[in-house]
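Hydrogens, waters and symmetry mates play no part in the numbers below; they use all other heavy atoms, side chains included.
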Amino acid sequence: AAQDKSRERLTPYDCGAVGDGITDDRSALQKADAAAFAQGKAVWFPYGTFLVSAAITGLKASWIGENGHLIKASDTLVLNGPGMLEWAAGSDGVEIRGLNVDFNNRTCTVGSEPVLAVGASSNFVIEGCTVINMTGSGIAANGARAFSISGNTIKKAAYANTYNQAILISSSPRQSNNGTITAFLSGQVPMIATGNVVAAAILARNPAKKPETKFLIKNSPCYIGMNK
């Protein structure tokens, strides 16, 4: 039975991870996900601390954690739109269970970047995960249809608000503020309707292109640039 189980899953160690909490295991985690998906297996996290230096996007395989493991953001990780661990749209049936993730109070440039995120998908499960030291959102399901999110523990340094929530469910695919920022900085659009968070992110990236306020929209019945 143990042999049968091992045939159903890969570990990051199978793809070169060190798991010592010092070495950057980001590449190994990406390789493990790609290999597991290609072979119809899950990525299984046994004992170890797996350091991640940047966001890992386009994930497709199920990830399953056991007691004693930790996926930790490195001291250099900065999120700039995508989530720390983000499953691609179309990840139907994916299972994310028992993961322990330490965001390490890292920087979210936009402000709402999630630690765990699933793109427009159906019949997926996020269960029994623990996310700590988060500064943006904890778990995000974007464009979700049938899904289950249960038994997760989210710990934030500050109170959640309407912008960076512990668990964020959106009926439409998440429109990243990163796209707005990029369009403005590249000159693709001359003007944007947005809020203080995006304006601050633009200033941080390129002080020479500091946005100038043209007019304010206050107490409007319309929702411009936001999901209702």
Side-chain angles (χ1 to χ4, degrees), residues 1-108 113-119 121 124-141 149 151-155:
Q3 187 177 27
D4 290 342
K5 281 290 183 183
S6 66
R7 290 173 179 171
E8 296 172 3
R9 60 196 184 192
L10 290 174
T11 78
Y13 295 120
D14 295 324
C15 296
V18 178
D20 61 359
I22 300 173
T23 306
D24 183 7
D25 285 325
R26 178 177 181 270
S27 178
L29 266 59
Q30 285 183 306
K31 291 177 181 177
D33 181 82
F37 181 74
Q39 298 173 37
K41 298 181 178 181
V43 180
W44 173 57
F45 287 83
Y47 183 86
T49 298
F50 304 92
L51 206 63
V52 174
S53 62
I56 305 178
T57 61
L59 299 172
K60 296 181 178 180
S62 294
W63 285 28
I64 312 296
E66 290 201 356
N67 290 337
H69 85 281
L70 180 67
I71 303 171
K72 184 176 181 179
S74 74
D75 291 339
T76 60
L77 183 144
V78 176
L79 293 186
N80 196 13
M84 176 179 167
L85 302 174
E86 187 156 317
W87 276 257
S91 296
D92 299 339
V94 75
E95 296 185 11
I96 305 164
R97 297 181 184 271
L99 294 185
N100 299 322
V101 186
D102 181 358
F103 189 62
N104 195 23
N105 294 313
R106 299 305 305 145
T107 300
C108 293
E113 292 92 332
V115 177
L116 301 176
V118 178
S121 306
F124 63 87
V125 175
I126 305 177
E127 183 178 84
C129 297
T130 298
V131 177
I132 63 172
N133 296 323
M134 51 176 283
T135 54
S137 297
I139 295 173
I149 298 178
N152 299 286
T153 301
I154 312 292
K155 295 183 179 180

Do the side chains of [Y] and [X] get nearer than 4.5 Å, heavy atoms only?
{"X": "D102", "Y": "I71", "value": "no"}
{"X": "M84", "Y": "F103", "value": "yes"}
{"X": "L10", "Y": "Q39", "value": "yes"}
{"X": "L29", "Y": "F50", "value": "yes"}

How close do [X] and [Y] get, heavy atom to heavy atom, and via which atoms?
{"X": "E95", "Y": "I64", "result": "O-CD1, 4.0 Å"}
{"X": "H69", "Y": "L99", "result": "NE2-CA, 3.6 Å"}
{"X": "A32", "Y": "C15", "result": "CA-SG, 3.5 Å"}
{"X": "P12", "Y": "A28", "result": "O-CB, 4.2 Å"}
{"X": "A17", "Y": "D25", "result": "CA-OD1, 3.4 Å"}

Main chain of [Y], side chain of [X]: is a donor-acceptor contact present, judged purely on distance under 3.5 Å?
{"X": "S121", "Y": "S91", "result": "yes"}
{"X": "D20", "Y": "T23", "result": "yes"}
{"X": "E113", "Y": "G136", "result": "no"}
{"X": "R97", "Y": "E127", "result": "no"}
{"X": "E86", "Y": "G83", "result": "yes"}
{"X": "D14", "Y": "T11", "result": "yes"}
{"X": "S137", "Y": "I139", "result": "no"}
{"X": "N152", "Y": "T130", "result": "no"}

Handout entry: From CA spacing to verdict: side chain to side chain contact (heavy atoms under 4.5 Å, CB included), D92, F124
Key = CA-CA 6 Å; D92 299 339; F124 63 87; over 6 Å; no
Exercise for the section: Scan I126, I149, L59 and name whichever one has a side-chain contact (heavy atoms from CB on, under 4.5 Å) with I96. Expected result: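 That would be I126.
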Problem - Short side-chain donor-acceptor distance under 3.5 Å, N104 and N133 - result: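 No pair is found: no donor N or O on one side chain lies under 3.5 Å from an acceptor on the other.
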Practice task
Could you go through the side chain to side chain contact (heavy atoms under 4.5 Å, CB included) check for T135 and R106 one step at a time?
Solution key: CA-CA 7 Å; T135 54; R106 299 305 305 145; 5.7 Å; no
Problem - Gap separating the CZ atom of R9 from the OG atom of S62, nearest 0.5 angstrom - result: 13.0 Å
Exercise for the section: May I have the step-by-step check of side chain to side chain contact (heavy atoms under 4.5 Å, CB included) for W63 and W87, ending in yes or no? Expected result: CA-CA 10 Å; W63 285 28; W87 276 257; 3.5 Å; yes
Exercise for the section: Sequence neighbours left out, what passes side chain to side chain donor-acceptor pair (under 3.5 Å) with E66? Give chain and number order. Expected result: W44
Handout entry: Y47/Y13 aromatic ring centres below 6.0 Å
Key =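 That pair fails the under 6.0 Å test.
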Exercise for the section: Quick one: which residue pairs count as a side-chain hydrogen bond (donor to acceptor under 3.5 Å, both in side chains) with a foot in residues 48-61, not counting sequence neighbours? Expected result: D24-S53
Practice task
In sequence, state the C-alpha distance, the side-chain angles, and the governing distance for C129 and N100, and then conclude on side chain to side chain contact (heavy atoms under 4.5 Å, CB included).
Solution key: CA-CA 6 Å; C129 297; N100 299 322; over 6 Å; no
